[in-house]
Protein chains: 2
Amino acid sequence: MNGKATTTRTRLDRGRSALGPALELVHTGRAPTRAVLTAELGVTRATAGAVAAELEALGLIRVDSNPGAAAGSQGRPSHRLAVDEKGPVALAAQVHPDGFRAALVGLGGTIVATAPGSVVVSADPAQVLGAVVDAGAALLAESGRRCVGAGLAVPSAVAEPEGTALNPLHLAWPAGAQVRQIFAERVREAGIEGPAFTGNDVNLAALAEHRHGAGRGARDLLCVATGHRGVGGALVLDGRLHTGSAGLALEVGHLTVNPEGRPCHCGGRGCLDVETDPLAFLTAAGRVPGPEVSLLQQSRDLLRTSPDDPGVRVAVGELIDRLGLGLAGLVNILNPDRIILGGLHRELLDADPERLRAVVADRSLWGRSGGVPILPCTLDHNSLVGAAELAWQPVLDDPLTALSRESV
Amino acid sequence: MNGKATTTRTRLDRGRSALGPALELVHTGRAPTRAVLTAELGVTRATAGAVAAELEALGLIRVDSNPGAAAGSQGRPSHRLAVDEKGPVALAAQVHPDGFRAALVGLGGTIVATAPGSVVVSADPAQVLGAVVDAGAALLAESGRRCVGAGLAVPSAVAEPEGTALNPLHLAWPAGAQVRQIFAERVREAGIEGPAFTGNDVNLAALAEHRHGAGRGARDLLCVATGHRGVGGALVLDGRLHTGSAGLALEVGHLTVNPEGRPCHCGGRGCLDVETDPLAFLTAAGRVPGPEVSLLQQSRDLLRTSPDDPGVRVAVGELIDRLGLGLAGLVNILNPDRIILGGLHRELLDADPERLRAVVADRSLWGRSGGVPILPCTLDHNSLVGAAELAWQPVLDDPLTALSRESV
DNA sequence: TGACTTTGTGCCGCTACTAAACAAAGTACG
DNA sequence: CGTACTTTGTTTAGTAGCGGCACAAAGTCA
């Protein structure tokens, strides 16, 4: 029943057009059974069955004829759809100031294997990415699974279409490094099949949260996060990352949130960047940051150990007000239907969710915008999973050609 | 060859799927001949021919077998594709503080007939919209052409999905008026066929400019304009208006552009709204606005009559700097590949384009963003044409069902 | 145990396309 | 002036995807 994909096939003939959407439904967990797959795709049962069979033949999903527990509903129990645990994986990688991490991520966004990287301090991206890719290649060899491609998350804006890292924060890399090209070269040299992609870590975190985390079901998802220094933003529209025309959208760090604030290198003063990042928090709390662990970790520790310290409380309130002002500005411009916070911003939200929501509601127009849900990130290693999403995307778009192109 | 559209047709069977894209290509002027239609659609000549024939049978376009001037190229001259001048039209309407305007807009965004409205001062939207629709109905009757639907542009944010006007600027309407519903009722009562739509005027202007004006070909188009009071923004992504989850996106008026600026009703100070609108311009130029004509007209007159007046020059420079700061903020967030300015902002751009571009380049990150083209609006009555686009949209999406549904 | 409900599957036909061969309508050039 | 060439339109045949339908399968409910 399979093996008929060798017929004449031309540019616009994308084969079975429902194949991609169907795989995406399974991938995002929205099609647990063939019955709901039928409903979600809006096709007949016959078509849905054929599509599922084809995806199974491709080794991507499994159709479980044994329903197990029938959930108590009437009628014939539906066959369950699940990701094939022996199916292909994507190689995901992430570099950050404390080191790197490589992982294999299967369909559905599950991390299959991971290799926490030791610190590689080098001003040469090629060297660092070489180590990252080697770790990933080792994981791949160990698992013996097929690879659909590789994705890399970097803590820097990535300019399109060149794929250069414009501000590799605290990586000691030169600004403008050709990370995408370097990563792709290393991937190819390591003999890893499939295309290689590179993206900003906050962007990729947002993508991952949208598909597998707190952002599921949102149409316009705004994600704001601060890691060690600076603030990053991301926007997912209709399930696709909005990176703007040059990949530089959602550079939200320089919204003015405090007219009397400290000066910023951008030329303004009181920018979100310098007013709500971990350094701002520590100084507002009257602490002198030490050099041993990351500023984010120090902030977290401080919040956890002495949440009732007067200085900490003041700092939390101050940063929440500033962050709220920034989020309100973004709400006025983007009008998202959900906001997700990561890093220190997530901690601030946890510390006093009511206050943050109140500020956003107060300063965004049309009171009803105050109803925007603001949620914390829920996924572990969301940037990593998001990097894998990049690699999976071609398969999700068109499983047939993506998988057949690779075997060539 | 026609009349076969009465066969069984179900939810997902959208008939000839290339029909909509083909019509859109003709509509936006990107398919002057059948040959380029073939290329743009990425189909065979046979298919393109059939699609064109079907659109002609629907009375939407004309296939000109007489090529006229063959443009000097080699090979057989291609048949020209043109909008059918006897084809259906959309009823477009616009209300503004100085009155209203109704028009018939054909495919391609050409205004076929127009009725400049006398001033209707009324706090009752139903009364005003009744007069607008009546004027439109008269135009329709006079033209004798079929109507695909109606669109209305209002100078107010329109909340989705209810379609209420949240801040009907200077219309004396109550905030929260159900404009969409009221307009739809009046349209139905007037016996006008087709669905009725309502949108914000700046949003619709952006849509029109994107399809027929200065925004043609842009993928991420940002439009900023100020009419009489306040500033409006709009974003067109991939050819579709981005209105956000509640229709309130691009409320750009409250970006901070002057930390020491005048207070704004939003709670902040130095907002784009109060710093770059006509009132701000007139006061910065040391003029006392009179009540006779609109503030925008007074500003234009002042710019035209005494551009070298010292006060005017200072005011122009000041407002350009403020506007540039606001645009830079938007560039950092949205990263558009083109910016279009309307109303007074357009006049400011014309007055000193270099200065505005320099400010935007200086204050948006990654110098290359300074390369964002900033252009003036080019379309007359772009909000009106945009309103018509709303009405045309169902036809562009699926000509077959949209036109057949109407005749029922 | 039988009626009912829901899900999966085989078969038929429709339709929107591609492919390929041919026809048409012009230019380029001897 | 006529022939070769180039590009465009048209006809015909063939194919793939999917809807519609009838039937089978697998459970629940009385």
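Naming: A, B, ... by sequence-line order, numbering from 1 per chain. Predicted, not measured: the structure shown is a model, and the values here were computed from it. No hydrogens, no waters, no symmetry mates; every other heavy atom, side chains included, goes into these values.
Between B/Ser78 and D/dT7 there is no side-chain N or O to OP1 or OP2 distance below 4.0 Å. Contact annotation: A/Thr33 side-chain N/O to C/dT7 OP1/OP2 distance is not under 4.0 Å. Between B/Ser17 and C/dC17 there is a side-chain polar atom (N or O) within less than 4.0 angstrom of OP1 or OP2.
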Short N/O separations, protein against nucleotides 21-25 of chain D, under 3.5 angstrom:
residue, atom, partner, partner atom, Å
D/dA25, O4', A/Arg76, NH1, 3.4
D/dA25, N3, A/Arg76, NH1, 3.2

Taking N or O atoms only and anything under 3.5 Å, show me the protein contacts with nucleotides 1-3 of chain C, one pair per line.
none

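Here SG of A/Cys147 is found 5.0 Å from CG of A/Leu140. Values are rounded to the nearest 0.5 Å. Interatomic distance, B/Glu209 CD to B/Ile340 CD1, rounded to the nearest 0.5 Å: 5.0 Å. Atom CD of B/Glu24 sits about 5.5 Å away from atom CZ of B/Arg211, to the nearest 0.5 Å.
What separates CD of A/Glu56 from P of C/dG8 is a distance of 13 Å, to the nearest Å. In this structure, CG of A/Leu37 is placed 12 Å from P of D/dC18, rounded to the nearest angstrom. Taking atom CZ on B/Arg34 and atom P on D/dT8, their separation rounds to 11 Å, with Å as the unit. Counting to the nearest Å, the C1' atom of D/dG17 and the CD atom of A/Glu54 are 10 Å from each other. Atom CG of B/Leu81 and atom C1' of D/dG9 are 12 Å apart (whole Å). As rounded to whole Å, 15 Å separates atom P of C/dT7 from atom CG of A/Leu41. Rounded to whole Å, atom C1' of D/dG27 lies 9 Å from atom CD of A/Gln74.
Within the 4.5 Å cutoff, side-chain heavy atoms of A/Leu25 are placed close to those of A/Leu41.
Checking D/dG19, D/dG27, C/dT18 against the side-chain heavy atoms of A/Thr47 singles out D/dG19 as nearest.
Toward the 5′ end of DNA chain D lies the nearest nucleotide of A/Val51, the other residue of the pair A/Gly75 and A/Val51 mapping further downstream.
In this structure, the side chain to side chain contact (heavy atoms under 4.5 Å, CB included) partners of B/Ala206, at least two apart in sequence or on a different chain, are B/Cys223, B/Ala234, B/Val236. In terms of the ring pair (Phe, Tyr, Trp, His ring centres under 6.0 Å) criterion, residue partners of B/His212 (sequence neighbours excluded) are, by chain and number, B/His27. With sequence neighbours left out, the side chain to side chain contact (heavy atoms under 4.5 Å, CB included) criterion links B/Ala208 to B/Leu379, B/Asn382, B/Val385. Partners of A/Arg219 by side chain to side chain contact (heavy atoms under 4.5 Å, CB included), not counting sequence neighbours, listed by chain and number: A/Asp238, A/Asp337.
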Candidate pair B/Val51 and B/Leu19, rule side chain to side chain contact (heavy atoms under 4.5 Å, CB included), full reasoning: CA-CA 6 Å; B/Val51 166; B/Leu19 218 55; 3.7 Å; yes
